[in-house]
2 protein chains.
Amino acid sequence: MNRVPPDPPPPSSGTGPSPAAPVSSTSRAARRRATEGRVLDRARALFAERGFERTTIRAVAAAAEVDPALVMQYFGTKRNLFEQAVRAVPEPAAGAGTDDLPDRLLASLGLKLGGLPEGTLATLRSMLTDPTAAEHAREALGAQIASVAAALPADEDPELRAALAVTALVGITIGHQLLHLPALRDAPADRLAALLRPALAALTEPHPAGPAPGESAP
Amino acid sequence: MNRVPPDPPPPSSGTGPSPAAPVSSTSRAARRRATEGRVLDRARALFAERGFERTTIRAVAAAAEVDPALVMQYFGTKRNLFEQAVRAVPEPAAGAGTDDLPDRLLASLGLKLGGLPEGTLATLRSMLTDPTAAEHAREALGAQIASVAAALPADEDPELRAALAVTALVGITIGHQLLHLPALRDAPADRLAALLRPALAALTEPHPAGPAPGESAP
DNA sequence: CCGCTCGGTCAACGCTTGTAGAGTGAAGCG
DNA sequence: CGCTTCACTCTACAAGCGTTGACCGAGCGG
C-alpha cells in the first residue's frame with residue numbers, strides 16, 4: 001500500500017553531469033528526474049511561502065503542472081515531500097579563514113538575508129506549527145549553537161551565549177524574510193551587518209579586560 | 001459517545017442548600033459569562049500551544065466542556081474567536097522609572113520570558129502561517145519598534161536599530177517559549193537579562209567614542 | 001513486431017473541518 | 001401558573017484535504 005520509491009540518487013542542487021550516462025537528453029529517466037525536480041522546487045517554494053499546513057499537495061501539483069496523484073506516487077506522503085524539499089544545504093560551506101565569531105554568525109544566518117536557501121525558509125516558516133519542522137529546526141539550531149559555543153571561552157556560559165546569539169539572528173531573519181517588516185526590508189544587508197556586529201561581539205565577548213568602553217563613568 | 005455530564009459549575013458544594021435558593025450569584029447571565037470566559041481561556045491556551053490552523057473549534061469546545069456549536073454561536077467564526085482570544089494586554093503598564101532603553105526592552109519582551117501573556121504567545125505561534133496573526137504581529141511589532149525608535153537619537157537609523165533589537169528579542173522568545181531550546185530553558189531569567197543588556201546597549205548606543213549627541217542623561 | 005515497463009492521469013473514497021438550523025429544558029417574569 | 005427567553009445541544013451538510021487504485025499511452029528490450 002505504501003509504495004516507497006527506491007532511493008533515487010540525491011537529486012537537485014548543482015548541475016549533475018551524469019557520469020558515464022549514455023542516456024539521451026530527453027530520455028524517459030531524464031524526464032522523470034526533471035519532473036521530480038520541478039515538483040520538489042515548487043514544493044519548497046510553497047512551503048517557504050505558506051508553511052506546511054497551508055500548502056496542499058494539490059497546490060504543489062498545480063504549480064508543477066502535474067497531477068496530484070503523481071506527487072503522491074513520487075513521495076508517498078506529504079510529510080516525506082516536505083522533508084525531501086527541506087533537505088538542502090543548511091551547512092555553511094565556507095568555514096575558511098573567517099575572522100571573528102560575529103562575522104561567522106552573520107555569515108551563517110545574517111548575511112544571507114538577501115537570499116538564504118528556500119529549504120531553510122520553509123523550515124523557519126513551519127517550525128512553530130508543525131512538529132516535524134519543529135524537530136528539524138531544533139536539531140539544526142542546536143548544531144549551530146553547539147558550533148558557536150565551541151568557539152567561546154568555556155568558563156562563561158558558552159552554550160547560553162551561543163543560543164542567545166543564534167536565536168536573536170533567527171528572530172531578525174523572521175522579521176525580515178517572513179514577516180517582511182518594512183523597517184528591516186528597506187535596509188541594505190551590509191548596514192544590518194554593521195549594526196549587528198558590535199551587538200554580537202558584546203554577546204560573545206564577555207569582558208575583555210574590563211567593561212566595554214563607552215560606559216559613562218559615574 | 002462523549003457524554004459529559006454537566007458538573008455543577010460553582011465550587012460551592014458541601015451540604016447542598018436547597019435548589020430553591022434564588023442565588024443571584026449564579027444567575028443565567030453570570031453562567032453565560034463564565035462559560036464564555038472559559039471558552040476564551042481554553043482557546044487562548046490551545047492557540048498558543050498549537051497555532052491557529054491546528055486548533056480546531058471542536059478541540060476548544062471539548063477543552064471548555066461545551067458543544068462546538070456553542071462556540072460558534074458565541075463568536076460566530078473561528079477567526080473571530082482567535083481575535084477575541086488574542087486581544088489581551090500587550091501594553092506594558094509599568095513605564096514608571098525604567099532606566100535605560102535596554103531595560104525597557106527587556107521588560108517589554110525579555111524579562112517576561114517566564115510568563116508573558118498567552119495572547120502574545122498565540123500570536124507569535126501563528127504569525128508565520130496565518131495571515132490574520134501575521135497582520136496582528138506586524139502591527140504590534142511596528143508599534144513596539146516605533147516606541148523604541150522614539151527613544152533613540154534621530155540621526156542614527158533609529159527605526160532600523162529598534163527593529164533589530166525588537167526582532168532579536170522576538171527570536172529569543174521564540175527559541176525559549178515556543179521551540180523550548182534546552183540551552184535557553186535551563187537559564188534563569190535574570191542571567192538572560194544580564195547577558196542581553198550589553199548587547200542591546202551596543203545596538204542602541206551607536207558609537208560612544210564619537211560625537212555624543214546633545215542628549216544628556218539627567 | 002509484440003508485450004512488458006513505467007511515467008503520468010482520472011475518478012473516487014474516507015476523513016476532518018468550519019458552519020448552519022432545528023430543537024430542548026430550565027430560568028425568569030407576568 | 002403559564003408563557004417567553006435564552007443558554008445550550010443534536011444532527012447534519014458542504015467543502016477541502018491526503019490518499020488510493022484502476023487506467024492509458026508511449027518508450028524500449030526481446
Side-chain angles (χ1 to χ4, degrees), chain A residues 1-6 8 11 21-40 43 46-47 50-62 64-83 85 129-130 132, chain B residues 1-10 18-40 43 46-47 50-62 64-83 129-130 132:
Chain A
M1 54 202 300
N2 209 359
R3 288 299 293 269
V4 177
V23 285
S24 63
S25 59
T26 55
S27 83
R28 203 134 86 161
R31 278 202 167 223
R32 195 220 140 107
R33 247 170 267 258
T35 311
E36 185 169 321
R38 211 173 55 230
V39 170
L40 226 37
L46 283 175
F47 281 137
R50 311 184 193 174
F52 180 79
E53 306 243 28
R54 291 179 71 93
T55 299
T56 70
I57 295 279
R58 285 170 167 86
V60 171
E65 297 179 84
V66 294
D67 193 272
L70 188 64
V71 179
M72 293 305 299
Q73 196 176 338
Y74 282 174
F75 300 98
T77 257
K78 187 186 176 187
R79 284 227 113 80
N80 201 282
L81 169 64
F82 179 76
E83 284 169 15
T129 42
D130 180 77
T132 299
Chain B
M1 55 199 322
N2 216 359
R3 288 302 291 266
V4 176
D7 26 320
S18 74
V23 275
S24 55
S25 63
T26 54
S27 82
R28 206 133 86 160
R31 278 196 168 221
R32 194 222 141 104
R33 246 170 270 258
T35 310
E36 185 169 323
R38 210 173 54 230
V39 169
L40 225 39
L46 284 176
F47 281 138
R50 312 183 191 173
F52 180 80
E53 307 245 26
R54 291 180 72 92
T55 299
T56 72
I57 296 277
R58 284 169 168 85
V60 171
E65 297 180 80
V66 294
D67 193 274
L70 189 64
V71 179
M72 294 304 298
Q73 196 177 338
Y74 282 172
F75 300 97
T77 258
K78 187 186 174 185
R79 283 227 114 78
N80 202 282
L81 169 64
F82 179 76
E83 284 168 17
T129 43
D130 179 77
T132 298

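Protein chains get the first letters and strands the later ones, always in sequence-line order, with residue 1 at the start of each.
- Rounded to an integer number of Å, the gap from B/Met72 CE to C/dT17 C1' is 11 Å.
- Look at CD on A/Gln73: it is 12 Å from C1' on C/dT5, rounded to the nearest Å.
- The side chain of A/Ile57 lies closest to D/dG18 when the candidates are D/dC28, C/dT9, D/dG18.
- Toward the 5′ end of DNA chain C lies the nearest nucleotide of A/Val66, the other residue of the pair A/Val66 and B/Thr55 mapping further downstream.
- The nearest whole Å value for the distance from the CG atom in A/Leu70 to the P atom in D/dC24 is 18 Å.
- Rounding to whole angstrom units, CZ of residue B/Arg54 and P of C/dG18 are separated by 13 Å.
- Atom pair B/Phe82:CZ and C/dG18:P shows a separation of 14 Å (rounding to whole Å applied).
- Looking at A/Met72 and A/Ile57, their side chains come closer than 4.5 Å, going by heavy atoms from C-beta outward.
- Salt bridge B/Glu83/B/Arg79: absent, no basic N to carboxylate O contact under 4.0 Å.
- Here the P atom of nucleotide C/dT17 and the CZ atom of B/Phe52 are 13 Å apart, to the nearest Å.
- Distances shown here put a side-chain N or O of A/Tyr74 below 4.0 Å from the OP1 or OP2 atom of C/dG8.
- Residue-to-nucleotide contacts include no donor-acceptor pair under 3.5 Å from the side chain of A/Arg58 to the base of D/dG16.
- Taking 4.0 angstrom as the limit, B/Thr77 places a side-chain polar atom (N or O) nearer than this to OP1 or OP2 of C/dT19.
- The nearest whole Å value for the distance from the CD atom in B/Glu53 to the P atom in D/dC17 is 11 Å.
- Note: CZ (A/Arg31) to P (D/dG25) measures 17 Å, nearest angstrom.
- Donor-acceptor pairing under 3.5 Å, judged by distance alone, is absent between the side chain of A/Arg32 and the base of C/dG8.
- Contact of the A/Tyr74 side chain with the A/Leu81 side chain is not registered, since no non-hydrogen atoms from C-beta on lie closer than 4.5 Å.
- Here the nucleotide nearest the side chain of B/Ser27, chosen from C/dG28, D/dT9, C/dG18, is C/dG28.
- The listed nucleotides are C/dT9, C/dG8, D/dA7; the one nearest the side chain of A/Asp67 is C/dT9.
- Side-chain contact check for A/Asp130 versus B/Arg54: some heavy-atom pair is nearer than 4.5 Å.
- In this structure, A/Lys78 and A/Glu53 approach most closely via the heavy-atom pair NZ-O, 3.6 Å.
- Listed pair B/Thr35 / D/dC8 meets the phosphate criterion, a side-chain N or O lying under 4.0 Å from OP1 or OP2.
- Of all nucleotides listed (C/dC10, D/dT9, C/dC6), C/dC10 comes nearest to the side chain of A/Ala69.
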